[in-house]
Amino acid sequence: MSEGTITTKDGTRIYYKDWGSGQPIVFHHGWPLSADDWDAQMLFFLAKGYRVIAHDRRGHGRSTQTDQGNDMDTYVDDVLQLAKHLDLRNAVHVGHSTGGGEVARYAARAEKGRIAKAVLIDAVPPVMVKSDKNPGGTPIEAFDGLRAALAANRAQFYLDLPSGPFYGFNRPGAKVSEGLIRNWWRQGMMGGAKAHYDCIAVFSETDFTEDLKAISVPTLILHGDDDQIVPFADSGVLSAKLVRNATFKVYPGGPHGICQTQPDMVNRDLLAFVQGESIAISSQRQRELA
């Protein structure tokens with residue numbers, strides 16, 4: 001097992017973990033977290049004989065707390081450099097939330113042979129913010145509210161979000177995990193306030209429509225229909241219609257942070273997809289969307 005850093009063309013240090021051998025699976029985390037958000041998935045796939053890699057996006061986790069370059073094109077350029085440095089070939093790229101946008105753009109731009117499959121989990125594409133072209137999107141005022149809360153008291157904001165909508169812990173009967181809340185806070189506070197502030201615009205306003213259309217590898221799209229952070233009707237549903245070779249599965253009642261609240265279920269579906277097996281998608285919610 002190993003970890004390391006690369007220094008990108010603009011001098012930014014990107015931290016990464018690289019464990020095991022075999023076919024590589026690369027995990028892309030959401031805002032404002034780090035590679036540690038994938039612990040349950042990395043340990044699972046490592047035990048199954050895969051090589052697992054996860055990096056801290058610039059401005060997040062143990063990577064440089066950048067005040068510039070906090071945009072999706074630069075994020076993806078960092079991944080392109082990391083993939084070349086690690087000589088990743090025939091890799092499966094898995095992204096959650098903002099990381100799903102990163103995977104979509106990377107899949108559209110990756111060098112031939114670098115990527116075999118893509119997975120978007122509760123991901124931000126095609127585009128989150130409401131506009132004339134995206135009338136079902138989230139109003140800009142919601143994202144302005146996130147920026148204001150971050151600037152006013154980031155430490156408290158990073159407790160409130162995982163304690164409530166991120167994991168669905170604000171729902172009646174929810175089984176609240178104090179450990180998940182504290183771990184979310186720990187990861188968030190490791191990163192830089194400026195990069196996190198900038199990233200709110202990145203995940204809410206970046207339009208991935210053309211990236212989704214350009215993806216040619218088999219793609220799995222997973223989304224919880226009770227996602228309070230990235231509403232699935234304006235994300236997973238629309239992305240599944242834009243990606244060729246897409247398999248779309250809805251998790252009824254699933255929250256945004258489903259990789260942590262129900263890791264066994266997510267890991268099972270990821271493994272089936274990676275191994276080329278069929279994924280059970282027959283549910284009432286799925287049929288309603290057909």
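- Side-chain N/O atoms of His256 and Asp227 include a donor and acceptor closer than 3.5 Å.
- For residues 125-141, the set of pairs meeting the side chain to side chain donor-acceptor pair (under 3.5 Å) definition, not counting sequence neighbours, comprises Asn134-Asp234.
- No side-chain donor from either of Asp10 and Gln68 sits under 3.5 Å from a side-chain acceptor of the other.
- Tyr50 is linked by a ring-ring contact (aromatic ring centres under 6.0 Å, His included) to Phe45, counting only residues two or more places apart in sequence or in another chain.
- Asp71 and Thr74 share a donor-acceptor pair across their side chains, judged by distance under 3.5 Å alone.
- Other members of the cluster containing Ile53 are Ile6, Ile14, Tyr16, Val26, Leu82, Leu86, Leu88, with ILVMFWY side chains joined at under 4.5 Å, either directly or via other members.
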Using distance only, find each side-chain donor-acceptor pair of residues 212-221 under 3.5 Å and give its atom names and separation, not counting sequence neighbours.
{"unit_1": "Thr219", "atom_1": "OG1", "unit_2": "Val217", "atom_2": "O", "d": "3.0"}

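- Remark: Arg105 engages Asp73 in a salt bridge, criterion side-chain N to carboxylate O under 4.0 Å.
- Counting only distance, with no hydrogens or angles, the side chain of Thr12 and the backbone of Thr64 share no donor-acceptor pair below 3.5 Å.
- Contacts classified as ring pair (Phe, Tyr, Trp, His ring centres under 6.0 Å) and involving residues 97-126 (residues at least two apart or in different chains) are given here: His93-Tyr106.
- When only modelled atom types and interatomic distance are considered, Thr66 and Asn70 share a side-chain donor-acceptor pair under 3.5 Å.
- The pair Lys194-Asp67 does not count as a salt bridge, with every side-chain nitrogen at least 4.0 angstrom from each carboxylate oxygen.
- Partners of Asp36 under the salt bridge (Lys or Arg N to Asp or Glu O under 4.0 Å) rule, at least two apart in sequence or in another chain, are Lys17, Arg62, Arg186.
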